[in-house]
Amino acid sequence: MQIECFSLGKRFATPEENEDSVVILPGRGYAVIDGVTDRSGRRFGTMRAGRFASARVATEVARFLLSEDLSVRGGDARVRRLVLALSDTLRDGYAAHGMSERVETDATTRIGCTLALGYHDGSALQLVSIGDSGIRLSGKTLGTVRHVEAKPLDRVTALIRRECWAYLGRMRADPLHQRAISDDAVWNGLRVPPAGLSAEASAEVRAHVLHLCSEEMPTIARTEIERLLDSGISGQRVFANHPTSDLGYGVLDGFAIAERHVFTADYAADEVSRLELFSDGYFAEPEAFGVAAWEASFAEVERIDPDKIGPHASVKGSGPDGWTDDRTYLGIAFDR
């Protein structure tokens with residue numbers, strides 16, 4: 001067996017505050033967990049909120065896999081127990097910090113993380129994914145299997161930032177102001193014009209983004225897109241684990257997760273040659289296996305689109321103080 005892993009926090013000055021976590025239990029299971037960054041800087045003890053969430057989930061994943069008899073096929077029932085256990089550990093985290101009542105009524109105060117997991121389940125390799133951390137599976141008889149939850153919500157907010165940036169560029173804006181105003185727009189939305197952007201300009205950007213969304217996502221209700229355009233990322237929590245909304249997305253936050261947001265699949269373990277798990281700090285996937293290939297792909301993305309306003313448009317970009325996001329890659333090549 002060959003195992004390769006790389007993880008790096010986004011902030012150059014404080015890489016130790018990386019909010020990603022990994023679980024490596026050879027012969028049992030492997031996971032990449034990506035903690036949701038809390039822009040307020042809130043801490044749970046010494047940890048940032050995202051780190052606190054991912055660390056608790058990583059610990060529970062390890063405990064669960066070590067306590068289960070994985071020689072016996074557990075199937076869907078085991079997956080359900082696992083997801084329940086992960087939610088329970090986050091609720092215990094709220095209780096330990098006196099937040100149980102508050103998180104019940106205010107979703108914006110909840111912590112969260114995504115999960116990409118593969119574990120041995122009898123003769124099968126069971127995959128579980130919640131949120132936008134990714135899984136890639138390759139094998140001689142399997143072809144290539146890939147899963148990252150589609151998240152139209154991120155596309156809408158990325159377009160807010162990209163189109164605001166482009167509008168300011170046409171106005172010959174100072175690059176620093178261009179970044180600051182665009183970041184303000186994507187975070188707070190366009191209901192209230194961000195500082196530095198006139199009401200007329202804000203309305204023009206909003207109308208253009210709405211048009212682009214209608215073209216790219218014609219099946220999504222216009223009212224939902226407009227709600228997100230007006231609130232930005234700061235208001236997106238209402239879509240977390242939403243059971244029916246087209247903008248709904250999965251996240252482990254201690255509360256119920258609709259089945260549509262829990263991806264599961266299983267494959268005959270003896271047919272799987274490679275398992276790769278990765279967080280969304282990687283914006284492009286290489287064809288090859290291993291850390292070197294993934295880091296080379298990362299470097300190329302940074303070369304051509306560091307601000308993430310081009311082919312890799314995102315809700316944020318790299319800057320003088322850090323990368324766009326924490327990034328983690330875990331690859332396992334099984335002996336076959």
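Just the heavy atoms: all of them, side chains too, but no hydrogens, waters or symmetry mates, feed the values below. All of these numbers come straight from a predicted model, not from anything done at the bench. All residue numbers in this chain count up from 1 along the given sequence.
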K.L.:
Can a side-chain donor-acceptor contact be found between Y282 and E295 if the only test is distance below 3.5 angstrom?
P.N.:
yes
K.L.:
Does CD in E287 sit with more than 12 non-hydrogen atoms of other residues, nucleotides or ligands closer than 6.0 Å?
P.N.:
no
K.L.:
Taking C-beta and beyond as the side chain, do L117 and L82 meet within less than 4.5 Å on heavy atoms?
P.N.:
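The answer is yes, as the side chains (C-beta and beyond) meet within the 4.5 Å cut-off.
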K.L.:
Consider side-chain contact (heavy atoms from CB on, under 4.5 Å). Of S279, C5, S54, which one does V22 pass it with?
P.N.:
C5
K.L.:
Taking the side chain as C-beta and beyond, is there a heavy-atom pair between H261 and V251 under 4.5 Å?
P.N.:
no
K.L.:
Could you give the side-chain donor-acceptor pairs of residues 212-222 under 3.5 Å, partners two or more places apart or in another chain?
P.N.:
residue: S214; atom: OG; partner: L210; partner atom: O; Å: 2.9
residue: E215; atom: OE2; partner: H211; partner atom: NE2; Å: 3.2
residue: E216; atom: OE1; partner: R155; partner atom: NE; Å: 2.9
residue: E216; atom: OE2; partner: R155; partner atom: NH2; Å: 2.9

K.L.:
Test V209 against every option in T157, I225, I160 by the side-chain contact (heavy atoms from CB on, under 4.5 Å) rule and name the one that passes.
P.N.:
I160
K.L.:
Should we count CZ of R227 as having more than 12 external heavy atoms under 6.0 Å?
P.N.:
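Counting other residues, nucleotides and ligands, CZ of R227 stays at 12 neighbours or fewer.
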K.L.:
Residues in salt bridge (charged side-chain N to carboxylate O under 4.0 Å, His left out) with R206, at least two apart?
P.N.:
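With neighbours one apart ignored, the set is E226, D230.
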K.L.:
Any chance CZ of R11 has more than 12 other-residue heavy atoms, nucleotides or ligands included, within less than 6.0 Å?
P.N.:
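Yes, enclosed.
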K.L.:
Is there a donor-acceptor pair under 3.5 Å between the side chain of R110 and the backbone N or O of D253?
P.N.:
no
K.L.:
Can you confirm whether the side chains of R162 and S182 place a donor and an acceptor under 3.5 Å from each other?
P.N.:
no
K.L.:
Of R48, K10, R43, which meets salt bridge (Lys or Arg N to Asp or Glu O under 4.0 Å) against E19?
P.N.:
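Among R48, K10, R43, the one meeting salt bridge (Lys or Arg N to Asp or Glu O under 4.0 Å) with E19 is K10.
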K.L.:
Tell me, do E60 and V57 make a side-chain contact under 4.5 Å, heavy atoms counted?
P.N.:
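Not touching, per the 4.5 Å side-chain cut-off.
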K.L.:
Scan for salt bridge (charged side-chain N to carboxylate O under 4.0 Å, His left out) pairs involving residues 189-199, sequence neighbours excluded, and state none if there are none.
P.N.:
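Passing the test, one end in residues 189-199: no pairs.
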K.L.:
With side chains defined as the heavy atoms from C-beta onward, is the minimum distance between C113 and D34 less than 4.5 Å?
P.N.:
no
K.L.:
Relative to each other, are the rings of F44 and F52 parallel, tilted or perpendicular (30° and 60° limits)?
P.N.:
parallel
K.L.:
Tell me whether R56 contacts the main-chain N or O of D92 through its side chain, where contact means a donor paired with an acceptor under 3.5 Å.
P.N.:
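No: the side chain of R56 does not pair with the backbone of D92.
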K.L.:
Y329 and E4: side-chain donor and acceptor closer than 3.5 Å?
P.N.:
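Y329 vs E4: no donor-acceptor pair found between side chains.
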